[in-house]
Novice: 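Got a structure for you, written out below as structure tokens; questions coming shortly.
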Amino acid sequence: MLDIRLVRDDRTLVENGLRRRGEDPGVTDRLVELDELVRRSQARRDDLRAEVNDLSQQIGALHRDGRGDEAAELQRRSRELGDEAKAVDQDADAAAAELRELLLHLPNLPADDCPDGESEADNVVLRVEGPDADGYGPDQRVPHWELGPELGILDIERGAKLSGSMFVMYRGLGATLARALTQLALDRNADAFEEIRPPTLVRTETMVSTGQLPKFEDDAYHIERDDLWAIPTAEVPLTSLARDEILAEDELPVRLMAHTSCFRREAGSAGRDTRGLLRVHEFDKVEILAYATPEQAGAVHDELLARAESVIADLGLGYRILDLCAGDLGIASARTWDIEVYAPGADQWLEVSSVSWFSDYQARRGNLRYRPAEGKGTRLLHTLNGSALAVPRVWAALVETGRQPDGSIAIPELLHPYMRGHTHIPPHS
RNA sequence: GGAGGGUUGCCAGAGCGGACGAAUGGGGCGGCCUCGAAAGCCGUUGUGGCCUUCGGGUCACCGUGGGUUCGAAUCCCACACCCUCCGCCA
């Protein structure tokens, strides 16, 4: 959420930011108007309440002096003022609610160094690592949705039978590989990140803090009977850990990681790049996340990217790093770097990690603060996060990339300890 | 799912209609004392909004949301969460 005071004090800055994102900067008119209305009504209400408080104290004093019968006139005036205050308060509440609703739908402002651009096509490729798209042999050109079922490691049909399309089932060494990937990601970040195993079903407020609600309600699974939401990413519970809390500066940055299932309805995306594991409703992911001071945020952002990137590199996959343009940023993000792996069989670049800096946008929504070591008061935290490893797409790229001339799949060495000694997935017999 | 008890400041805990933003104790911070420390003594110690001539003023917050009242931490209603017991259960 943007700071309404920023809109008030530096409207041009806000409008320029919104324009860069392709949002209508015209909303600031209404924001400023509502802000003034809210403050005017609240000031009036507070004045009235001050008078009521004063009169009530006078009445109290009269009662103590045993002159309670002289209080009638004061009570009448106080009641009048109280009624008026109540009416004014309703106006203030209505305006404040509308203001908040508008602010909740408004995205974060892009960072100054976030590249300009309108859409995905304008994202900047920072670098490409490993073989490029032409550097793969014919054995590696079989898409995972073909070789997975063939090798008995991916059961798309059974997944659909159980839960519908875009739900998949891994089996045998395919399931082991999925588990190995999450273990690997957790273990290699355990040097600095506290491992969390959070709930995957959360309250509405929890989804609001990170930005999934209210704007993207259709993208999430909602359990109506209990009014709980299935998390689309561990970012949701991990960010909300510190909701309404005040951390000490000397404990920052706080680094957390979690392996969870992630649930996404993917409304509207049916039929489009949804084959196999390209896009699924439920998947496993290890998320790394940090709370930082504004001063620390830049270095932490670099660190998260380095960590997310190094797993992919060490797995021997070809990948590239994108700097998302302002128009392609997620609602809460000020700057995002994407890691995309190349899947030679599917012949596609697949987004496997989005490493984002949210400035104080999420912190303001969820009231995440810290107490500076120097000076007084509190400041909003900065939040950052990225996928350390998202299973399905990495799994797909690995299987396609690792395919050998005999049809077996070579498992990268660093996964061997997690694969009960298997170095290959045997070929179809 | 059923019955009962609870939720107050950093912590413990009092307050149950008016002088309560909140006793008291502990903790923290500053000071006195000391070579230094302990003990003791003194002072101080929440968050947020709005206004400000930057001195301050004012409002709100005692789980959350409503209500009663001139006035609510205190009374009423609903909900959430926690604890205990019963039931059920990995």
Side-chain angles (χ1 to χ4, degrees), chain A residues 1-9 31-104 197-209 213 222-229 237 240-252 261 360 363-381:
Chain A
M1 192 157 71
L2 295 183
D3 188 351
I4 185 60
R5 282 173 294 199
L6 184 65
V7 183
R8 191 189 300 159
D9 297 338
L31 292 176
V32 167
E33 196 180 322
L34 283 167
D35 176 47
E36 276 169 13
L37 182 58
V38 169
R39 282 186 297 147
R40 215 182 317 121
S41 316
Q42 286 178 346
R44 174 79 185 130
R45 178 203 60 195
D46 288 352
D47 287 346
L48 288 165
R49 287 223 266 241
E51 284 191 64
V52 170
N53 288 343
D54 185 49
L55 286 172
S56 295
Q57 287 194 0
Q58 291 182 34
I59 294 164
L62 284 176
H63 279 289
R64 271 194 302 283
D65 297 347
R67 295 158 59 200
D69 49 321
E70 296 173 35
E73 171 60 12
L74 295 179
Q75 288 186 13
R76 192 191 57 75
R77 272 173 54 205
S78 180
R79 156 152 243 161
E80 266 174 34
L81 291 168
D83 288 345
E84 192 183 344
K86 212 168 275 182
V88 174
D89 191 40
Q90 284 185 359
D91 295 346
D93 277 354
E98 187 185 342
L99 181 59
R100 180 176 165 78
E101 191 63 18
L102 279 179
L103 285 172
L104 282 178
R197 179 45 257 214
T200 34
L201 262 31
V202 299
R203 300 165 175 283
T204 299
E205 309 93 86
T206 307
M207 292 282 277
V208 170
S209 297
L213 293 179
H222 185 206
I223 295 161
E224 291 183 10
R225 185 185 169 102
D226 297 294
D227 194 19
L228 288 168
W229 300 81
S240 278
L241 282 192
R243 196 169 70 221
D244 292 320
E245 293 194 12
I246 302 173
L247 307 183
E249 177 166 5
D250 62 20
E251 55 185 317
L252 297 170
S261 292
D360 60 10
R364 186 170 292 103
R365 282 175 167 242
N367 197 25
L368 281 70
R369 293 173 292 169
Y370 73 99
R371 199 178 296 285
E374 302 292 319
K376 41 187 223 173
T378 58
R379 296 173 76 192
L380 289 170
L381 285 166

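Here is how names work: the chains are called A, B, and so on, in the same order as the sequence lines, proteins then strands, and each is numbered from 1. As the structure is a computational prediction, the values presented were derived from the model and not from experiment.
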Novice: Under 4.0 angstrom, heavy atoms only, what part of the nucleic acid is A:R203 near: base, sugar-phosphate, or nothing?
Specialist: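 Sugar-phosphate contact only.
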
Novice: Provide, to the nearest angstrom, the distance between the CG atom belonging to A:L48 and the C1' atom belonging to B:U58.
Specialist: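 From A:L48 CG to B:U58 C1': 12 Å.
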
Novice: Does A:E98 have any side-chain hydrogen bond (donor to acceptor under 3.5 Å, both in side chains) partners at least two apart in sequence or in another chain, and if so, which?
Specialist: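 side-chain hydrogen bond (donor to acceptor under 3.5 Å, both in side chains) list for A:E98, sorted by chain: A:R30.
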
Novice: Write down the distance separating the C1' atoms in B:A19 and B:G5, rounded off to the nearest Å.
Specialist: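 Comparing C1' positions in B:A19 and B:G5 gives a spacing of 34 Å.
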
Novice: For B:C35 and B:U44, measure between their C1' atoms and round to the nearest Å.
Specialist: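 It works out to 28 Å between them.
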
Novice: In whole Å, what separates the C1' atom of B:A3 from that of B:A12?
Specialist: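 Comparing C1' positions in B:A3 and B:A12 gives a spacing of 29 Å.
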
Novice: How about A:D3 and A:V7: do any of their side-chain heavy atoms sit closer than 4.5 Å?
Specialist: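 Heavy-atom side-chain distance check fails, nothing below 4.5 Å.
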
Novice: Kindly write out the residues that satisfy side-chain hydrogen bond (donor to acceptor under 3.5 Å, both in side chains) with A:E36, not counting sequence neighbours, or none if the list is empty.
Specialist: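 side-chain hydrogen bond (donor to acceptor under 3.5 Å, both in side chains) check on A:E36 returns nothing, list empty.
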
Novice: Enter syn or anti for the glycosidic conformation of B:G55, syn applying to angles within 90° of 0.
Specialist: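 With its glycosidic angle within 90° of zero, B:G55 counts as syn.
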
Novice: Closest approach of A:L37 and A:A95, non-hydrogen atoms and distance?
Specialist: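 Heavy atoms only, the tightest pair is CD2-CB, 3.8 Å.
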
Novice: Mind checking the CG-CG spacing from A:L31 to A:L103? Nearest 0.5 Å is all I need.
Specialist: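 So the gap between those two atoms works out to 5.5 Å.
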
Novice: Report the residues that fulfil side-chain hydrogen bond (donor to acceptor under 3.5 Å, both in side chains) with A:T204, sequence neighbours left out, ordered by chain and then residue number.
Specialist: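 By the side-chain hydrogen bond (donor to acceptor under 3.5 Å, both in side chains) rule, A:T204 matches A:W229.
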
Novice: Where the side chain of A:R64 is defined as all heavy atoms beyond and including C-beta, which of B:A19, B:A80, B:G71 is the nearest nucleotide?
Specialist: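 Selected nucleotide: B:A19.
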
Novice: Give the B/S/- string for nucleotides 47-54 of chain B, one per nucleotide from 5' to 3', where a protein heavy atom under 4.0 Å of the base yields B, of only the sugar-phosphate yields S, and otherwise -.
Specialist: SSBSS---

Novice: Over all heavy atoms of both residues, which pair between A:R371 and A:G377 is shortest? Give the atoms and the distance, please.
Specialist: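 In this case the closest contact between A:R371 and A:G377 is CG-O, 3.6 Å.
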
Novice: Roughly how far apart are A:R8 CZ and A:I4 CD1, rounded to 0.5 Å?
Specialist: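 The CZ atom of A:R8 sits 6.5 Å away from the CD1 atom of A:I4.
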
Novice: List in numerical order all residues of residues 85-96 of chain A for which some heavy atom is under 4.0 Å away from an atom belonging to RNA chain B.
Specialist: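 Of all residues in residues 85-96 of chain A, none places a heavy atom under 4.0 Å from RNA chain B.
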
Novice: Considering only the P atoms, how many Å lie between B:G9 and B:G63, rounded to the nearest integer?
Specialist: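 So the two P atoms sit 8 Å from each other.
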
Novice: According to side-chain hydrogen bond (donor to acceptor under 3.5 Å, both in side chains), who are the partners of A:R203, at least two apart in sequence or on a separate chain?
Specialist: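 Per chain and number, A:R203 pairs via side-chain hydrogen bond (donor to acceptor under 3.5 Å, both in side chains) with no residue.
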
Novice: Near RNA chain B, under 4.0 Å by heavy atom, which residues of residues 54-61 of chain A?
Specialist: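 Correct list: A:S56, A:I59, A:G60.
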
Novice: Output every pair passing salt bridge (Lys or Arg N to Asp or Glu O under 4.0 Å) with a member in residues 52-68 of chain A, not counting sequence neighbours, ordered by first then second residue.
Specialist: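 Only A:R67-A:E70 qualify under salt bridge (Lys or Arg N to Asp or Glu O under 4.0 Å).
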
Novice: Looking only at heavy atoms, which two atoms of A:A85 and A:R49 are closest? And how far apart?
Specialist: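 For A:A85 versus A:R49, the nearest heavy atoms are CB-CG, 4.3 Å.
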
Novice: Please report, rounded to the nearest Å, how far the P atom of B:C61 is from the CZ atom of A:R49.
Specialist: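 Nearest whole value for this atom pair: 7 Å.
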
Novice: In whole angstrom, give the distance that lies between atom CG of A:N367 and atom C1' of B:C61.
Specialist: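 Distance, rounded to whole Å: 13 Å.
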
Novice: Of all residues at least two apart in sequence or in a different chain, which pass the salt bridge (charged side-chain N to carboxylate O under 4.0 Å, His left out) check with A:R365?
Specialist: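 A:R365: no salt bridge (charged side-chain N to carboxylate O under 4.0 Å, His left out) contacts found.
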
Novice: Specify the separation, in whole Å, of atom CZ of A:R243 and atom P of B:U64.
Specialist: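 One finds 14 Å between P of B:U64 and CZ of A:R243, rounded.
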
Novice: From CG of A:D244 over to P of B:C10, roughly how many Å is that when rounded to an integer?
Specialist: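 So the two atoms are 13 Å apart, to the nearest Å.
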
Novice: Whole Å only: how far is the CG atom of A:D65 from the C1' atom of B:G18?
Specialist: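 Going from A:D65 (CG) to B:G18 (C1'), I get 12 Å.
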
Novice: On a whole-Å scale, what distance lies between the P atoms belonging to B:C86 and B:A22?
Specialist: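 That atom pair is separated by 44 Å.
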
Novice: Expressed as a whole number of angstroms, how long is the span from A:E84:CD to B:C70:P?
Specialist: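 Distance check: A:E84 CD to B:C70 P gives 17 Å.
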
Novice: Rounded to whole angstrom, note down the P distance from B:G71 over to B:C61.
Specialist: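 Straight-line distance between the two P atoms is 13 Å.
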
Novice: Name each donor-acceptor pair under 3.5 Å that joins a side chain in residues 241-249 of chain A to protein atoms two or more places apart or in another chain, with its distance.
Specialist:
residue	atom	partner	partner atom	Å
A:R243	NH1	A:T206	OG1	3.0
A:R243	NH1	A:S240	OG	3.1
A:D244	OD1	A:N367	ND2	3.2
A:E249	OE1	A:A373	N	2.7

Novice: May I have the distance from A:E51 (atom CD) to B:G57 (atom P), rounded to whole angstrom?
Specialist: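 It is 18 Å, rounded to the nearest whole Å.
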
Novice: Can a side chain N or O of A:N53 be found less than 4.0 Å away from OP1 or OP2 on B:G71?
Specialist: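 For B:G71, neither OP1 nor OP2 has a side-chain N or O of A:N53 closer than 4.0 Å.
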
Novice: Between side-chain atoms of residues 73-83 of chain A and protein atoms elsewhere (two or more places apart, or another chain), which donor-acceptor pairs fall under 3.5 Å?
Specialist:
residue	atom	partner	partner atom	Å
A:E73	OE1	A:R76	NE	3.3
A:E73	OE2	A:R76	NH2	2.9
A:R76	NH1	A:E80	OE2	2.5

Novice: Under 3.5 Å for both distances, Watson-Crick or G-U wobble, that's the pair rule; now give the dot-bracket for RNA chain B, with | marking pairs to another strand and [ ] for crossing ones.
Specialist: ((((((((.[[[..)..(.....]]]((((((.......))))))((((((....)))))).[[[[[..)....]]]]])))))))....

Novice: Using the P atom as the point on both nucleotides, what is the distance between B:C81 and B:G65, in whole Å?
Specialist: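 To the nearest whole Å, 16 Å.
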
Novice: When rounded to the nearest 0.5 angstrom, what is the spacing between CG in A:L228 and NE2 in A:H222?
Specialist: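 A:L228 atom CG to A:H222 atom NE2 measures 7.0 Å (nearest 0.5 Å).
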
